[in-house]
Amino acid sequence: MGRKGKRILIVGSGGREHALAWAVARSPEVEAVYVAPGNAGTSWPAAPAPERKRPRAPASSIPIAAEDVEHLLAFAREQTIDLTIVGPEAPLALGIVNAFQAAGLRIFGPTQEAARIETSKAFAKDLMRASGIPTADYRVFHDLEAALRYVRRRPGPLVVKASGLAGGKGAFVCETREEAEAALIRIMHERIFGEAGETVVIEERLEGRELSLLALVDGQTVQPLLPARDHKRLWDGDRGPNTGGMGAYAPTPDVAPNDLDRMVRTILQPAVEAMARRGTPFVGVLYAGLMLTAQGPYVLEFNARFGDPEAQAILPLLESDLLEAIEACLEGRLGRVNLGWRPGACATVVLAAPGYPGPVPKGLPILGLEEAERMDDVWVFHAGTARRDGRVVTAGGRVLAISAWGPDPRTAADRAYAAVSRIHFEGMQFRQDIGRACPP
Ligand code: AMP
Ligand code: GLY
């Protein structure tokens, strides 16, 4: 007999993927969600009736790595998956979308060519320059000596970036010329990012508040999601080493609807048009990392996917059906979709393992998850977690992302921190100021 509903595969294992699985499992059209490889949070049973926090459709983790395109494709075929959604950038860079499309399978995300907007910073900068998208002044170098000569000539603070993928660690924000020289030597001579550092971008350093502007894109039309703010540094007050993101909140009260419209018109729309003109239309989530400078918003980088932890702050506020919006992207009819949002705000606090963003121990038992989960308007999204002998233990650097709703970011953050206070594992690191220092 015919199937009851759609079967969805989410690729990835972080808090973002848990949030995506949760969001699509709420769709009345979905029969089952699979997350590959997922984590200890990405399996749950079917619920008799949908609730705000508990989706109706069940989910299960599938032990296939996010980069194992061949086995993901085989799984999608065998399990007659109706739609695959790609979380992280690595499989996009490997061409997972091209491979699924060639096999006639539906998948949401940009092709390898379109993902270059994230996987090559040199490409992204050239595209911005050619399209008049505001971005810091820059030069691209393939040769260490030439890069060093440039840095020695150039006054003012610089940022040195590996052009390729470096897991969010590829940008060195430098105070002095010596720091910029040291960064170049680490990237191009010591090759700390391998091939990703064969090309570098050196750019002028900008000042301002950062903003993550994510949008659904169908190749042509851009539908912005709520603007979010990530906290990338490890310690309070934006100090310490850069991380993948220690927390986020959405929406950002300091960005007026008019400003948002302008950013879509002057940044996202021209980027999407330029990609289409080049014969590599962008379908998926386009994420502009912006610096709000005194001269207006400037693009620091583009990403070709949902942000982590931005997704964990944005998706709990989405009242529309995420699956429907994604299908509209794949069918080129995003212009007819209206996204509805729950009023108020969501704040997400990341709980990281001791040692993060460096090497971390694994297998630390996590306590208090059920108690935190029981709280109203709190979502416990798992990231680096695993199940061992029936217990949930740590299994990565960013371990959990605790999201909470509130009428404004501060109240949402207070609720998230109340949930955080229920949770414990040895050496747990988190920031105390997520959503709390937010400008009015
Ligand atoms: P990226 O990987 O390009 O997003 O850079 C990572 C982080 O480095 C950003 O989130 C900013 O905090 C910082 N950054 C990058 N580019 C610049 C810039 N031109 N000026 C100041 N800070 C920057
Ligand atoms: N939160 C930063 C990122 O997802 O790249």
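Read the numbers this way: they start at 1 and go in the same order the structure lists the ligands and their atoms.
Heavy-atom proximity to atom 8 (O) of ligand 1, evaluated over V173, L300, L165, is greatest for V173.
Set against the non-hydrogen atoms of R205, the atoms of ligand 1 under 4.0 Å away are 20 (N), 21 (C). Near E203, meaning under 4.0 Å from any of its heavy atoms, are these atoms of ligand 1: 16 (N), 17 (C), 18 (C), 19 (N). Atoms of ligand 1 found under 4.0 Å from any heavy atom of M291 (numbered from 1 in listed order, with element): 21 (C), 22 (N). Short contacts between ligand 1 and A171, defined as distances under 4.0 Å to a heavy atom of the residue, involve ligand atoms 5 (O), 6 (C), 8 (O). Counting atoms of ligand 1 from 1 in the listed order, those under 4.0 Å from a heavy atom of K161 are 3 (O), 15 (C), 16 (N).
At a threshold of 4.5 Å between non-hydrogen side-chain atoms, the residues V380 and H382 count as touching. A 4.5 Å side-chain heavy-atom check between V86 and I107 finds at least one atom pair inside the cut-off. Put simply, the side chain of V151 reaches to within 4.5 Å of the side chain of I202, judged on heavy atoms. F172 is not listed as a side-chain neighbour of V159, based on a closest heavy-atom distance of 4.5 Å or more. Contact check for W341 versus L339: side-chain heavy atoms found under the 4.5 Å cut-off.
Protein heavy atom at the shortest distance from atom 18 (C) of ligand 1 is V159 CG2, 3.5 Å. Taking atom 20 (N) of ligand 1 as the reference point, the nearest protein heavy-atom neighbour is L206 N, 2.8 Å. Atom 7 (C) of ligand 1 has its closest protein heavy atom at N242 ND2, 4.2 Å.
Between F302 and Y287, the ring center distance fails the sub-6.0 Å criterion.
T266 places a side-chain N or O within 3.5 Å of a backbone atom of R262 that can act as its donor or acceptor partner. Remark: side-chain polar atoms of Q269 are paired, donor with acceptor, to backbone N or O of Q220 under 3.5 angstrom.
For the salt bridge (charged side-chain N to carboxylate O under 4.0 Å, His left out) test with R229, the passing option among D238, D254, D433 is D254; the others fail.
Contacts between E210 and ligand 1 below 4.0 angstrom, taking non-hydrogen atoms only, involve the side chain exclusively. Only the side chain of E301 comes within 4.0 Å of ligand 1, counting heavy atoms alone; its backbone N, CA, C and O stay farther away.
Considering backbone and side-chain N/O of K232, one or more are found under 3.5 Å from N/O of ligand 1.
R305 forms no cation-pi arrangement with F108, by the criterion of a distance under 6.0 Å to the ring centre and an angle within 45° of the ring axis.
Scanning for side-chain hydrogen bond (donor to acceptor under 3.5 Å, both in side chains) contacts around D377 gives R342, R415, with sequence neighbours left out.
In summary, the side chains of S403 and T348 do present a donor paired with an acceptor at a separation below 3.5 Å, with no hydrogens or angles considered.
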Ligand 2 polar-atom proximity to protein (N/O, under 3.5 Å):
unit_1, atom_1, unit_2, atom_2, d
ligand 2, 1 (N), D230, OD2, 2.8
ligand 2, 1 (N), G244, O, 3.4
ligand 2, 1 (N), D308, O, 2.9
ligand 2, 1 (N), E310, OE1, 2.8
ligand 2, 1 (N), E310, OE2, 3.4
ligand 2, 4 (O), R305, NH1, 3.0
ligand 2, 4 (O), D308, N, 3.0
ligand 2, 5 (O), R305, NH1, 3.4
ligand 2, 5 (O), R305, NH2, 2.9

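Residue contact check for ligand 1: E204 places a non-hydrogen atom closer than 4.0 Å to it. Between K121 and ligand 1 there is a heavy-atom distance shorter than 4.0 Å.
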Q) What's the verdict on side chain to side chain contact (heavy atoms under 4.5 Å, CB included) for R116 and L127, showing C-alpha distance, side-chain angles and the deciding distance? A) CA-CA 10 Å; R116 284 185 76 204; L127 179 128; over 6 Å; no

